[in-house]
Amino acid sequence: MKLVIGSRGSKLALAQTYYIKNLLEKIDEDLEVEIKIVKTKGDVDQRVSISQLGLGVFTKELDIKMLEHEIDIAVHSLKDVPTLWNEDLTIAATPQRESYYDVIVYNRNVDIESSVVVGTSSVRRRAFLSLKYPKMKIVSLRGNIDTRLKKLMEGKYQGIVVAEAGLRRLKIDLDTLNLNYKKLDIPPAPAQGVIGVAARKGDREIIKLLKKINDSKTYL
């Protein structure tokens, strides 16, 4: 059986996709897996804030490729999948959830309780940070984890907020970068830390295969 998996091209997206690929190959040694990279609106437009780009900014193009049978399944960060979704598609599997925490990453000489400049593109994170750290100056920051860490280390920001799951999946060691981080006691995005594997509802054989890598607690 051949399976074409669609993925965004970022390091994190590919790390998640290769994770799914490895899980599938462990349960079916005869499976032939191909990964196809698809650019999404959220990847192409790095200037406008995510909240202004509309629904499905990191998923829509992958879903279209699936509906057009150019790919068989798509690997999404489940928090990026819109609540109102295409009726012909389904989330067929969610492997075990990673950490759901948001973390603030900051330079070691910085006191995050003071008037520090912190970058985030999330409306949710901005709102809760404003409540938790009223002295903090929160400014817009787009880009993947590598880009945001680079800007932090260049001194353009004194802190950034990212998902701990992303740091873990990319095996980023903040100690070697001479950076501190702290888990934030704020509500996470729904399904943060969960990988959602999407498929067409009519592909029963593929869905049956994907169910074998599903974690029932995470799925529930």
Side-chain angles (χ1 to χ4, degrees), residues 1-45 50-100 122-124 144 163 165-166 168-170 187-220:
M1 179 181 177
K2 182 176 180 180
L3 196 68
V4 181
I5 306 179
S7 172
R8 294 167 56 205
S10 72
K11 282 186 179 180
L12 179 56
L14 286 171
Q16 295 182 160
T17 300
Y18 276 102
Y19 172 67
I20 297 300
K21 177 178 182 288
N22 291 337
L23 288 179
L24 291 170
E25 288 174 339
K26 283 180 182 178
I27 62 172
D28 188 347
E29 293 180 354
D30 297 324
L31 191 65
E32 183 184 346
V33 179
E34 176 189 342
I35 294 174
K36 186 171 183 177
I37 295 175
V38 178
K39 284 188 176 182
T40 67
K41 186 177 181 180
D43 296 313
V44 174
D45 191 338
I50 294 171
S51 60
Q52 293 177 307
L53 287 175
L55 294 175
V57 297
F58 293 120
T59 60
K60 186 176 180 181
E61 286 77 9
L62 283 158
D63 295 336
I64 290 171
K65 295 289 184 186
M66 217 172 354
L67 293 168
E68 293 176 345
H69 290 257
E70 291 188 33
I71 60 175
D72 298 308
I73 64 175
V75 176
H76 296 312
S77 291
L78 192 55
K79 67 185 178 71
D80 294 335
V81 178
T83 307
L84 297 175
W85 202 33
N86 191 288
E87 61 183 13
D88 295 321
L89 301 176
T90 183
I91 297 296
T94 54
Q96 188 172 11
R97 187 180 198 172
E98 248 292 1
S99 167
Y100 56 79
S122 164
V123 174
R124 172 187 58 85
N144 57 40
R168 288 185 177 182
R169 288 190 175 123
L170 288 173
Q192 184 157 295
V194 180
I195 297 173
V197 188
R200 294 179 290 267
K201 284 183 178 178
D203 288 342
R204 294 183 181 180
E205 188 178 356
I206 290 175
I207 290 174
K208 184 179 178 181
L209 176 68
L210 293 174
K211 288 301 178 188
K212 294 178 181 179
I213 65 168
N214 186 58
D215 179 73
S216 57
K217 182 179 179 181
T218 299
Y219 192 84
L220 181 62

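All values reported here derive from a predicted model rather than from experimental measurement.
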Step by step, work out the side-chain contact (heavy atoms from CB on, under 4.5 Å) result for K11 and Q16. CA-CA 9 Å; K11 282 186 179 180; Q16 295 182 160; over 6 Å; no

May I ask you to decide if S7's main-chain N or O and T17's side chain share a donor-acceptor pair within less than 3.5 Å? no

Can you confirm whether V197 sits close enough to I91 that some side-chain heavy atom of one is under 4.5 Å from a side-chain heavy atom of the other? no

Determine whether E34 and K2 make a side-chain contact, defined as any pair of heavy atoms from C-beta on separated by less than 4.5 Å. yes

By salt bridge (Lys or Arg N to Asp or Glu O under 4.0 Å), which residues pair with R169, not counting sequence neighbours? none

Beyond-backbone contact of I35 with Y18, side-chain heavy atoms, under 4.5 angstrom: yes

Those residues that, when tested against E25, pass salt bridge (Lys or Arg N to Asp or Glu O under 4.0 Å) (two or more places apart): K21

Check G6 against I71 and note the closest heavy-atom contact, atom names and distance. CA-CD1, 3.7 Å

Kindly indicate whether the side chain of D88, heavy atoms from C-beta on, has any atom under 4.5 Å from the side chain of L67. yes

A165 versus E98, closest heavy-atom pair with distance: CB-CB, 3.8 Å

side-chain contact (heavy atoms from CB on, under 4.5 Å) for D28 and L3? Distances and angles first, verdict last. CA-CA 11 Å; D28 188 347; L3 196 68; over 6 Å; no

Chi angles and distances behind the side-chain contact (heavy atoms from CB on, under 4.5 Å) call for V4, K65: CA-CA 11 Å; V4 181; K65 295 289 184 186; over 6 Å; no

Using a 4.5 Å cut-off on heavy atoms from C-beta on, say whether the side chain of I195 contacts that of S77. no

Does anything in residues 192-204 form a salt bridge (charged side-chain N to carboxylate O under 4.0 Å, His left out)? List the pairs, not counting sequence neighbours. D72-R200, R200-D203

Work out which heavy atom in I207 is nearest to a heavy atom in A199; give both atom names and the distance. CG1-CB, 4.2 Å

Rounded at 0.5 Å granularity, tell me how far OH in Y219 sits from NZ in K211. 4.0 Å

Can you confirm whether E70 sits close enough to V38 that some side-chain heavy atom of one is under 4.5 Å from a side-chain heavy atom of the other? no

Rounded distance [0.5 Å steps], CG in N144 versus CG in L170: 8.5 Å

With sequence neighbours left out, the residues meeting salt bridge (Lys or Arg N to Asp or Glu O under 4.0 Å) with K26 are none

All heavy atoms of T218 vs all of R97, minimum pair found to be OG1-N, 3.0 Å

Under 3.5 Å donor-acceptor, Y19 side chain and P95 backbone: no

Measure across I37 and R8 and return the closest heavy-atom pair with its distance rounded to 0.1 Å. CG2-C, 4.1 Å

Please find the pair of heavy atoms, one from T59 and one from D80, that lie closest to each other, and give the distance. CG2-O, 3.6 Å

Could you tell me if K79 sits above the aromatic ring of Y100, with its cationic atom closer than 6.0 Å to the ring centre and no more than 45 degrees from the axis? no

Value rounded to 0.5 Å, distance of CD1 in I5 from CD1 in I73: 4.0 Å

Partner residues of K212 under the side chain to side chain contact (heavy atoms under 4.5 Å, CB included) criterion, sequence neighbours left out: I27

Please step through side chain to side chain donor-acceptor pair (under 3.5 Å) for the pair N214 and T94, ending with a clear verdict. CA-CA 5 Å; N214 186 58; T94 54; 3.3 Å; yes

Those residues that, when tested against K217, pass salt bridge (Lys or Arg N to Asp or Glu O under 4.0 Å) (two or more places apart): none

Are L89 and M66 packed together at the side-chain level, in the sense that at least one heavy-atom pair is separated by less than 4.5 angstrom? yes

Just do the side-chain contact (heavy atoms from CB on, under 4.5 Å) check on L31 and L209 with the steps written out, would you? CA-CA 10 Å; L31 191 65; L209 176 68; 4.1 Å; yes

